[in-house]
Amino acid sequence: MYYWLLKYIFLGPILRLLYRPQVTGLENVPNEGPVILSINHNSFMDSLFLPLMVKRPVTFLAKDEYFVTPGFKGFWMKFFFTNVGQVPIDRSGGNASEAALNTGVSVLSGGNMLGIYPEGTRTPDGKLYRGNTGLARTALAANADVVP
């Protein structure tokens, strides 16, 4: 419910008015079935604008720091990310990486849309860096389409 309220009532109209985002290639995003949106991660705002522009809800694999940070700020981060349907992942590597991929596959197995940043994090300088193999592995395991 929070996802839709933010998208259509609170945050979405403000972002559309202030930034006037434009999209090219939206016709390539399927209306149903499992699909991965592969996104270059230049800014925190990427995670706000992308769901605003596509019709279906987008679930991101969000770094677990958003869900476990202590204190007042941590409480509100966890509240926000949980209530808009984002999924925490441990990015420490090894077994944690495998668990993250399995989480992505479970999201996709319900026919949902998953947003993935192939580089694994925000770019520090705006340049495109080498992506990780998790996107391809997740797409193959879930038999999902990938839309760059």
Point to revise | Which atom of A142 lies closest to which atom of P34, heavy atoms considered | key: O-CG, 4.2 Å
Practice item. Establish whether I9 and L48 are linked, either directly or via other cluster members, by ILVMFWY side-chain heavy-atom contacts under 4.5 Å. Key: yes
Point to revise | Neighbour count >12 (heavy atoms, 6.0 Å) for atom CD, E32 | key: no
Exercise for review: Supply the atom-to-atom distance D90 CG to E65 CD, rounded to the nearest 0.5 angstrom.
Suggested key: 8.0 Å
Review point. Looking only at heavy atoms, what is the nearest atom pair of L15 and M45, with distance?
Key: CD2-CE, 3.7 Å
Exercise for review: Take V58 and V54 through the side chain to side chain contact (heavy atoms under 4.5 Å, CB included) test and state the conclusion after the steps.
Suggested key: CA-CA 8 Å; V58 180; V54 296; 3.5 Å; yes
Point to revise | Flag if over 12 foreign heavy atoms under 6.0 Å of NZ, K7 | key: yes
**Study point:** Verdict with supporting geometry, S38 and Y117, side chain to side chain contact (heavy atoms under 4.5 Å, CB included)
**Key:** CA-CA 6 Å; S38 174; Y117 301 110; over 6 Å; no
Review point. Mind checking whether M53 and L18 sit in one hydrophobic cluster, side chains of I, L, V, M, F, W, Y counted as touching below 4.5 Å?
Key: yes
Practice item. Give the cluster check for L52 versus Y8: same hydrophobic cluster or not, with ILVMFWY residues linked at side-chain heavy-atom distances below 4.5 Å. Key: yes
Check your understanding: What's the shortest heavy-atom distance between Y3 and P57, and which atoms?
Key -> OH-CA, 3.1 Å
Check your understanding: Given the rule in the side chain to side chain contact (heavy atoms under 4.5 Å, CB included) test, do M113 and T59 qualify, once you have shown the distances and angles that lead to the verdict?
Key -> CA-CA 6 Å; M113 186 176 292; T59 299; over 6 Å; no
Revision key, fill the gap. Between P13 and L6 the two heavy atoms that sit nearest each other are CD-O, 4.5 Å
Check your understanding: Closest approach of N112 and R56, non-hydrogen atoms and distance?
Key -> C-NH2, 3.6 Å
**Study point:** Listed once per pair and sorted, the side-chain hydrogen bond (donor to acceptor under 3.5 Å, both in side chains) pairs that draw on residues 136-148, sequence neighbours left out
**Key:** E98-R137
Exercise for review: Verify the ring-centre separation between F79 and Y2: is it less than 6.0 angstrom?
Suggested key: yes
Exercise for review: Given ring pair (Phe, Tyr, Trp, His ring centres under 6.0 Å), test F60 with F81 step by step and report yes or no.
Suggested key: CA-CA 9 Å; F60 286 95; F81 284 102; 9.4 Å; no
Review point. Same hydrophobic cluster for L26 and F49, using side-chain heavy-atom links shorter than 4.5 Å among ILVMFWY?
Key: yes
Review point. Are any side-chain N or O atoms of Y66 and backbone N or O atoms of G74, one a donor and one an acceptor, separated by less than 3.5 Å?
Key: no
Check your understanding: Is there a donor-acceptor pair under 3.5 Å between the side chain of N83 and the backbone N or O of F80?
Key -> no
Check your understanding: Going hydrophobic residue to hydrophobic residue with side-chain gaps under 4.5 angstrom, can you get from L5 over to I14?
Key -> yes
Check your understanding: Do side-chain atoms of Q22 reach the backbone of R20 as a donor and acceptor pair under 3.5 angstrom?
Key -> no
Check your understanding: Closest approach of V35 and P30, non-hydrogen atoms and distance?
Key -> CG2-CD, 3.8 Å
Check your understanding: Tracing side-chain links under 4.5 Å among I, L, V, M, F, W and Y, which residues wind up in one group with V107?
Key -> I36, L61, V87, I89, L108, L114, I116, L135, V146
Practice item. Check the pair K78, V68 against side chain to side chain contact (heavy atoms under 4.5 Å, CB included), reporting the backbone distance first and the verdict last. Key: CA-CA 7 Å; K78 180 179 180 179; V68 298; over 6 Å; no
